[in-house]
Amino acid sequence: MMKITGLLFFIPAFCFGQLSPEINKLYDELSKSKRVESAAIGYGGSESEVYKLFVEIDKKASDKEVEYIAFNGNPVAKTYGSYSVFNRKLKILDQLFDSYLKNNEPISIIQGCVGSNSHLADELYKMVFWEKDNIKATEVYRKHKASIKTEHELSNFIQLFDAKESKWTMKEIDSVLIKFDRIVLDNPSSPQNLVELITESYFFIKRKHPEYHDKLAYFEKKYNSEEIKKYLKFSGQ
């Protein structure tokens, strides 16, 4: 019994030791939020205090601290942690997605003045999938970089494309998506919302994956999903 008790006392201390005092303080504040917020929220586009906390953490936290936040705490902290993991191209991205899929934690989000409900795995998948738009904007930025002379012009560019410079390539994103797709489709317990997100996303960009047919057919039957059925018909074999 003494050994077990000692271990139980050791675990919390070990967990707290993952974060420096400064990052732990910011993390605690971030964890108080009940929703994920974009940089500007509300009809007036007010600056989000929650998002400011994330920016501060992202600026100061080490890779290990970012990984810890992404795997621990409440869904809000995990979501922002996953942003940093993705933007830094950390190697735990697959593990993180698998963890989010298994736990299927719900989150509340406000993007501008629009609120929605989602899940951790769904949001991570969306972030990766739509990074291609960010990559295209980055290519435009790099092409015209020499002509951007002032901070004001840079700000206008970012506002126009609603993006920041990406560290990813199209090939890398495709590779991550294939891994994510396999994690979802190889798990017969994957939730309907995530399987449908995959099919809706590929249907939107008119990309066929006939190699997914058998596994998608399983989920279409399991959930009686019109969305999955529509993609199966589009993708064919």
Side-chain angles (χ1 to χ4, degrees), residues 1-42 45-112 114-128 130-131 134 158 163-168 176 179-180 183 194:
M1 179 63 72
M2 288 298 292
K3 288 183 179 179
I4 295 173
T5 305
L7 180 62
L8 291 174
F9 277 109
F10 175 74
I11 290 173
F14 177 76
C15 291
F16 289 131
Q18 303 301 304
L19 304 177
S20 68
E22 182 181 15
I23 298 302
N24 191 59
K25 185 178 178 181
L26 293 167
Y27 168 71
D28 285 344
E29 286 298 311
L30 184 67
S31 296
K32 291 176 183 178
S33 178
K34 295 181 178 179
R35 67 186 188 186
V36 176
E37 299 179 355
S38 59
I41 58 173
S46 302
E47 188 176 19
S48 165
E49 293 300 319
V50 176
Y51 192 85
K52 281 170 65 177
L53 283 169
F54 156 63
V55 171
E56 196 70 11
I57 291 172
D58 190 46
K59 185 167 59 176
K60 297 178 178 179
S62 67
D63 287 351
K64 288 297 180 184
E65 288 175 319
V66 162
E67 290 178 3
Y68 176 80
I69 292 170
F71 276 108
N72 297 277
N74 72 356
V76 171
K78 287 180 179 178
T79 301
Y80 284 118
S82 71
Y83 291 173
S84 295
V85 167
F86 177 70
N87 290 332
R88 297 184 188 196
K89 298 176 71 174
L90 301 184
K91 294 181 179 179
I92 57 134
L93 198 58
D94 298 352
Q95 296 169 250
L96 191 63
F97 183 72
D98 190 44
S99 173
Y100 288 175
L101 172 62
K102 288 174 180 174
N103 293 316
N104 200 32
E105 290 180 275
I107 51 172
S108 296
I109 301 169
I110 181 164
Q111 183 80 25
V114 179
S116 63
N117 295 312
S118 187
H119 294 81
L120 286 172
D122 296 51
E123 291 307 302
L124 182 51
Y125 190 93
K126 288 176 192 175
M127 181 165 55
V128 174
W130 295 111
E131 180 65 10
N134 209 19
I158 293 171
K164 65 178 182 179
E165 195 165 359
S166 177
K167 295 179 181 179
W168 293 87
V176 173
K179 290 176 184 177
F180 279 14
I183 289 171
L194 188 50

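Just so it is clear, the model here is predicted, and its values are computed rather than measured. Each residue takes its place number in the sequence, starting with 1.
Atoms CG and NE2, on L194 and H119 in that order, are 9.5 Å from each other to the nearest 0.5 Å. The CD1 atom of I92 sits 8.5 Å away from atom NZ of K64, with the distance rounded to the nearest 0.5 Å. In this structure, L30 CG and L53 CG are separated by 6.0 Å, a value rounded to the nearest 0.5 Å. To the nearest 0.5 angstrom, N87 atom CG is 9.0 Å from S82 atom OG. Note that CG of N74 is 10.5 Å distant from OH of Y80, once rounded to the nearest 0.5 Å. Separating the CD1 atom in I183 from the CD atom in Q95 is a distance of 9.5 Å, to the nearest 0.5 Å.
In terms of heavy atoms, F54 sits closest to S84 at CE1-OG, 3.4 Å. Heavy atoms only, all atoms of each residue included: A40 and G45 are closest at CB-O, 3.7 Å. Of all heavy-atom pairs spanning S33 and V76, the tightest one is O-CG2, 3.4 Å. For S31 against A77, the heavy-atom pair with the smallest separation is OG-CB, 3.8 Å. Closest non-hydrogen pair, K89 versus K167, comes out as NZ-O, 3.1 Å. Closest non-hydrogen pair, A70 versus Y100, comes out as O-OH, 2.6 Å.
When each of Y27, Y68, F71 is paired with Q18, the side chain to side chain contact (heavy atoms under 4.5 Å, CB included) condition holds for Y68 and for no other.
The aromatic rings of F97 and Y125 sit tilted, their planes meeting at an angle between 30° and 60°.
In this structure S118 satisfies the side-chain contact (heavy atoms from CB on, under 4.5 Å) test together with I107, I109, D122, E123, K126, sequence neighbours excluded.
Using a 4.5 Å cut-off on side-chain heavy atoms (C-beta onward), L124 and L93 make contact. The closest side-chain heavy-atom distance from Y83 to T79 is below 4.5 Å. V55 is not listed as a side-chain neighbour of K52, based on a closest heavy-atom distance of 4.5 Å or more.
Between the side chains of S116 and Q111, no donor N or O sits under 3.5 Å from an acceptor N or O.
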side-chain contact (heavy atoms from CB on, under 4.5 Å) between Y51 and V36, worked out: CA-CA 8 Å; Y51 192 85; V36 176; over 6 Å; no
Checking side-chain contact (heavy atoms from CB on, under 4.5 Å) for the pair I41/R35: CA distance, chi angles, key distance, verdict? CA-CA 12 Å; I41 58 173; R35 67 186 188 186; 3.9 Å; yes
Between E65 and S20, does the side chain to side chain donor-acceptor pair (under 3.5 Å) criterion hold? Intermediate values first, please. CA-CA 8 Å; E65 288 175 319; S20 68; 3.2 Å; yes
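Legend: salt bridge (Lys or Arg N to Asp or Glu O under 4.0 Å) pairs involving residues 70-82, not counting sequence neighbours, sorted by first then second residue: K78-E105.
Under the 3.5 Å distance criterion, the side-chain polar atoms of W168 are left unmatched by any main-chain donor or acceptor of V128.
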